[in-house]
There are 4 protein chains.
Amino acid sequence: MTEAPVRRRDRERTRSELLRVATEAFAEFGYDGTKVDEIAERTHTTKRMIYYYFGSKEKLYIAVLENAYRGIREAEQSQHVGDLEPVEAVRRIAELTYDHHRNHTDFIRLVSIENINHGRFIRRLDSLRELNQPALGLLEDVLERGRLDGSLRSDVDSIDVHLMISSYCFFQVANQHTFGYLFERDLMAEDRRDHYRDLIGDVVVAWLSR
Amino acid sequence: MTEAPVRRRDRERTRSELLRVATEAFAEFGYDGTKVDEIAERTHTTKRMIYYYFGSKEKLYIAVLENAYRGIREAEQSQHVGDLEPVEAVRRIAELTYDHHRNHTDFIRLVSIENINHGRFIRRLDSLRELNQPALGLLEDVLERGRLDGSLRSDVDSIDVHLMISSYCFFQVANQHTFGYLFERDLMAEDRRDHYRDLIGDVVVAWLSR
Amino acid sequence: MTEAPVRRRDRERTRSELLRVATEAFAEFGYDGTKVDEIAERTHTTKRMIYYYFGSKEKLYIAVLENAYRGIREAEQSQHVGDLEPVEAVRRIAELTYDHHRNHTDFIRLVSIENINHGRFIRRLDSLRELNQPALGLLEDVLERGRLDGSLRSDVDSIDVHLMISSYCFFQVANQHTFGYLFERDLMAEDRRDHYRDLIGDVVVAWLSR
Amino acid sequence: MTEAPVRRRDRERTRSELLRVATEAFAEFGYDGTKVDEIAERTHTTKRMIYYYFGSKEKLYIAVLENAYRGIREAEQSQHVGDLEPVEAVRRIAELTYDHHRNHTDFIRLVSIENINHGRFIRRLDSLRELNQPALGLLEDVLERGRLDGSLRSDVDSIDVHLMISSYCFFQVANQHTFGYLFERDLMAEDRRDHYRDLIGDVVVAWLSR
DNA sequence: AATGAATGAGGGTTCATTCAT
DNA sequence: AATGAATGAACCCTCATTCAT
């Protein structure tokens with residue numbers, strides 16, 4: 001049959017379409033809130049295909065999670081601050097992290113959902129830990145440079161710095177609804193974006209520089 | 001029969017037991033992940049009573065959410081830092097907030113869940129915004145004192161400070177599973193509790209003092 | 001206690017209010033479609049009172065049915081055609097019946113509902129058969145007069161005449177929704193009322209007179 | 001296996017069996033009185049299949065209603081009176097309508113039920129109005145013929161004639177229980193069938209001929 | 001005479017998944 | 001490799017009614 005190559009191309013296309021649609025759905029509704037039928041309806045194929053390609057809702061979700069982390073890691077690799085002085089580099093990392101989070105709300109929500117699930121599924125993704133984490137490596141390099149030239153404190157752990165920056169950036173996206181409602185302040189407002197980006201930069205620099 | 005008063009007391013007891021059990025269930029499984037039957041089974045009454053007292057799963061969840069926020073607000077009111085110098089007071093606020101979050105993981109999870117729900121339910125709780133927010137009031141007082149005596153920067157907004165502290169504290173609890181797994185670091189480990197409490201204090205002081 | 005008479009008045013008032021509200025509800029929603037809660041909500045008392053006064057939904061419905069028939073019989077008794085010639089009297093009976101049906105749609109609907117129920121409940125109302133049926137008595141008198149003076153056919157049964165007239169009048173009210181929709185003709189339109197009243201009069205006169 | 005074709009055939013068979021059983025059930029118990037479980041139990045399949053094929057109880061009922069009307073319209077098409085003189089033709093139409101109603105009590109009851117529902121569902125069946133109504137067409141033809149040869153009155157509307165005949169025939173079936181009980185007369189008794197058929201013929205002829 | 005509290009039994013519906021080719 | 005048909009098990013919720021003074 002001459003359809004074979006076409007089939008093959010469809011095969012990959014179908015799979016990746018399912019993955020894309022499932023990512024949107026899980027990010028929007030959570031794990032339990034997402035219905036397999038709902039995903040199928042947003043697709044050009046049928047529900048049956050989800051089982052054909054992924055086996056179960058759980059496995060589809062795990063594929064979505066892995067895919068999302070992989071995409072994020074790849075995006076992080078494009079970050080470069082090597083040509084900046086350590087203090088400015090650390091500020092830049094905070095700012096890049098901020099923008100990065102704001103630009104990947106689906107990913108943030110998936111991480112939130114996974115934590116609601118007590119991290120039940122991420123544990124099955126050994127590959128994730130093995131993927132080196134560019135963001136952390138970058139930070140370690142800068143902190144080391146700062147230590148050597150005396151511009152940054154030497155008594156902080158890179159993971160703690162990452163934690164501080166991530167917490168702030170994550171919260172803005174993940175908790176925007178409750179925080180926005182309770183304090184009548186839209187954390188995602190475009191006209192406050194610069195302000196919030198500067199803020200984490202200022203804090204980190206104030207904390208780390210000496 | 002002497003059971004009459006018991007029965008009458010049961011009314012309030014049944015309602016509050018349902019609320020308590022439901023809080024645990026929703027915090028553990030999320031909104032969609034929680035089954036009404038499941039709540040009933042953990043109770044001494046029947047599923048029917050949930051509908052008798054609360055009307056629907058949704059209304060029960062909203063009652064849980066309101067109750068959780070109310071409890072937190074009350075707990076916040078017991079915080080006092082009035083006798084400390086501004087710099088130390090601001091450090092203390094950060095530390096109290098940290099402990100506060102660690103001690104109320106159910107509440108943190110409910111907030112996470114509510115955000116996954118796009119804050120759909122919290123909007124129905126007008127009362128929440130009207131409840132004054134003690135944590136914020138305390139912070140405003142301290143920042144004002146610091147402004148007056150020159151010990152703290154005068155160009156920061158109290159909500160931004162609250163945001164920074166909250167982000168850090170929230171993340172530790174809310175994202176412990178993914179962060180813990182990926183960085184092989186248990187953020188909730190008891191022997192690192194002091195370290196993480198000091199950390200947010202240091203950061204805030206470094207940021208705000210002058 | 002001086003409240004006794006007040007109580008007694010309330011008692012009757014409560015019972016008759018329940019009956020009135022239940023009549024409306026059953027007529028609107030049918031037997032199964034009517035919820036005991038729904039009736040209670042439209043009342044100034046509680047659902048519990050329905051059981052107190054009537055014992056069950058079924059018994060309430062039966063009370064409604066009996067009450068409705070009793071009201072109709074009473075209304076029929078006010079009809080008089082004794083001073084008209086037989087032919088005109090029979091026409092008048094048809095016309096009065098027509099108006100009578102149009103003015104008692106709740107009753108019509110209750111009868112329809114009872115037939116949907118295969119007449120399950122009306123059979124328990126022995127009293128109904130014993131109540132003499134004024135409409136039929138009136139008709140018998142007129143037919144007898146017509147027989148005697150030769151103005152009306154003598155070979156028809158009064159129940160058959162009653163059946164013919166009732167069928168027409170009943171249908172107009174009972175089937176107005178399907179007929180109105182299918183033939184795009186509103187049988188209850190006020191501006192066609194005279195036409196439809198005349199029609200049954202014409203038919204009956206054409207049939208019976210000689 | 002030889003069951004393959006059987007399975008495929010089952011699809012249509014299952015659907016039509018559900019429709020048939022549902023028709024009986026709705027006609028017997030009314031819309032609210034019919035339980036989905038009940039329908040399923042009278043079937044060789046499960047309750048789940050009702051939702052698979054029809055989506056909801058409401059949609060099943062609508063399918064039943066449409067199907068019933070469609071069957072009636074088809075049955076009406078087999079009526080022929082073209083070779084009779086107008087007067088006899090109009091009598092024949094009345095008689096055919098009478099038998100037609102007596103032979104389709106399920107349909108009559110469904111129409112009654114639909115009217116108790118205020119015609120809520122029939123309005124969704126646009127198709128019904130578009131289906132030409134053979135009974136009415138037939139009547140129009142005959143009235144026109146009678147007008148031309150002077151044997152029938154020319155001042156009556158075909159829909160009014162249809163209304164008169166339908167009312168009588170419908171009532172006999174629809175109200176048999178209350179009428180039968182109150183007047184101790186079984187309208188459906190086989191030995192009175194001819195009498196009641198003749199009766200509507202006589203009335204219509206007396207009314208329309210001249 | 002009157003009533004607030006409680007409830008067992010079922011109601012319609014949806015879910016993720018498997019059957020059978 | 002791909003798919004249309006079918007489904008058991010739950011799920012949230014409502015019903016008429018009774019309990020216990």
Side-chain angles (χ1 to χ4, degrees), chain A residues 1 3-4 6-8 10-11 14 32-40 45-60, chain B residues 1 3-4 7-8 10-12 14-15 32 34-40 45-60, chain C residues 1 3-4 6-8 10-11 14 32-40 45-61, chain D residues 1 3-8 10-12 14-15 32-40 45-60:
Chain A
M1 267 189 275
E3 286 186 309
V6 176
R7 281 276 172 87
R8 185 155 301 138
D10 282 353
R11 178 169 175 76
T14 298
D32 291 301
T34 297
K35 310 305 169 197
V36 176
D37 282 281
E38 173 72 16
I39 296 174
T45 58
T46 67
K47 176 169 62 163
R48 191 61 190 72
M49 287 299 94
I50 290 171
Y51 289 87
Y52 186 64
Y53 283 110
F54 295 95
S56 72
K57 177 183 177 180
E58 201 170 296
K59 285 179 188 158
L60 172 59
Chain B
M1 266 190 273
E3 286 188 315
R7 285 210 124 249
R8 185 152 302 132
D10 273 353
R11 177 157 178 79
E12 310 252 319
T14 298
R15 210 194 111 97
D32 291 299
T34 297
K35 311 303 169 195
V36 175
D37 283 279
E38 173 72 15
I39 296 175
T45 58
T46 66
K47 176 170 60 164
R48 186 62 190 73
M49 287 296 92
I50 290 172
Y51 291 89
Y52 182 62
Y53 283 110
F54 296 95
S56 71
K57 177 182 177 180
E58 200 170 298
K59 284 179 187 158
L60 173 59
Chain C
M1 265 189 277
E3 285 186 310
V6 177
R7 279 273 171 88
R8 184 155 302 137
D10 283 353
R11 179 170 173 76
T14 298
D32 291 300
T34 296
K35 311 304 169 195
V36 176
D37 282 281
E38 174 70 15
I39 296 174
T45 58
T46 66
K47 176 171 59 164
R48 191 66 190 68
M49 288 300 91
I50 290 172
Y51 288 88
Y52 186 64
Y53 284 108
F54 296 94
S56 71
K57 177 183 178 180
E58 202 170 296
K59 286 179 187 158
L60 172 59
Y61 171 80
Chain D
M1 267 188 273
E3 285 189 315
V6 175
R7 283 209 127 250
R8 186 153 300 132
D10 273 352
R11 179 158 178 76
E12 309 252 321
T14 298
R15 211 193 108 98
D32 291 300
T34 298
K35 310 305 168 192
V36 176
D37 283 279
E38 173 71 16
I39 297 174
T45 58
T46 67
K47 177 169 60 159
R48 186 62 190 72
M49 285 298 92
I50 290 171
Y51 291 88
Y52 183 61
Y53 282 111
F54 296 96
S56 70
K57 178 183 176 179
E58 200 170 298
K59 285 180 187 158
L60 172 58

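Quick note on labels: first sequence line is chain A, next is B, and so on, each numbered from 1.
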**Q.** Watson-Crick and G-U pairing of DNA chain E, under 3.5 Å, as dot-bracket with | and [ ]
**A.** .||||||||||||||||||||
With rounding to the nearest 0.5 angstrom, report the [atom1] to [atom2] distance, [X] to [Y].
X: T34(C); Y: Y61(C); atom1: OG1; atom2: OH; value: 9.5 Å
X: K59(D); Y: I50(D); atom1: NZ; atom2: CD1; value: 14.0 Å
X: Y53(B); Y: T45(B); atom1: OH; atom2: OG1; value: 8.0 Å
X: I39(B); Y: M49(B); atom1: CD1; atom2: CE; value: 14.5 Å

Could you give the [atom1]-to-[atom2] distance, from [X] to [N], as a whole number of Å?
X: E38(A); N: dA16(E); atom1: CD; atom2: C1'; answer: 15 Å
X: L60(A); N: dA16(E); atom1: CG; atom2: P; answer: 11 Å
X: K59(B); N: dC12(F); atom1: NZ; atom2: P; answer: 16 Å
X: K47(C); N: dG4(E); atom1: NZ; atom2: C1'; answer: 12 Å
X: E58(A); N: dA16(E); atom1: CD; atom2: P; answer: 12 Å

Q: For residues F54(D) and R15(D), determine if any side-chain heavy atom of one lies less than 4.5 Å from a side-chain heavy atom of the other.
A: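 With C-beta onward as the side chain, the pair touches.
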Q.
What I'd like to find out is whether the side chain of L60(B) reaches to under 4.5 Å of the side chain of V36(B), using heavy atoms alone.
A.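 Answer no - side chains too far apart.
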Q. Among the nucleotides dA16(F), dC13(F), dT17(E), which one has an atom lying closest to any side-chain atom of K57(A)?
A.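 Shortest atom-to-atom distance from the side chain points to dT17(E).
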Q. Considering all heavy atoms of both residues, which atom of A40(A) and which atom of T46(A) are nearest to each other, and what is their separation?
A.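 A40(A) and T46(A) have their closest heavy atoms at CB-C, 4.1 Å.
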(Q) Give me the atom names and distance for the closest heavy-atom approach of K47(A) to D37(A). (A) NZ-OD1, 3.2 Å
**Q.** Position toward the 5' end of DNA chain F (nearest nucleotide), D37(B) or D32(C)
**A.**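 That would be D37(B).
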Q.
For T34(C) and T45(D), find the nucleotide of DNA chain F closest to each by heavy atoms; which residue's nucleotide sits nearer the 5' end?
A.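 That would be T45(D).
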Q.
Other residues, nucleotides and ligands only: do more than 12 of their heavy atoms fall within 6.0 Å of NZ on K35(D)?
A. yes
Q) Among residues 48-55 of chain A, which residues get a heavy atom nearer than 4.0 Å to DNA chain F? A) R48(A), M49(A), Y52(A), Y53(A)
Q.
Determine whether a donor-acceptor pair (one donor, one acceptor, N or O, separation below 3.5 Å) exists between the side chain of K35(C) and the base of dT14(F).
A.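 Check fails, no donor-acceptor contact within cut-off.
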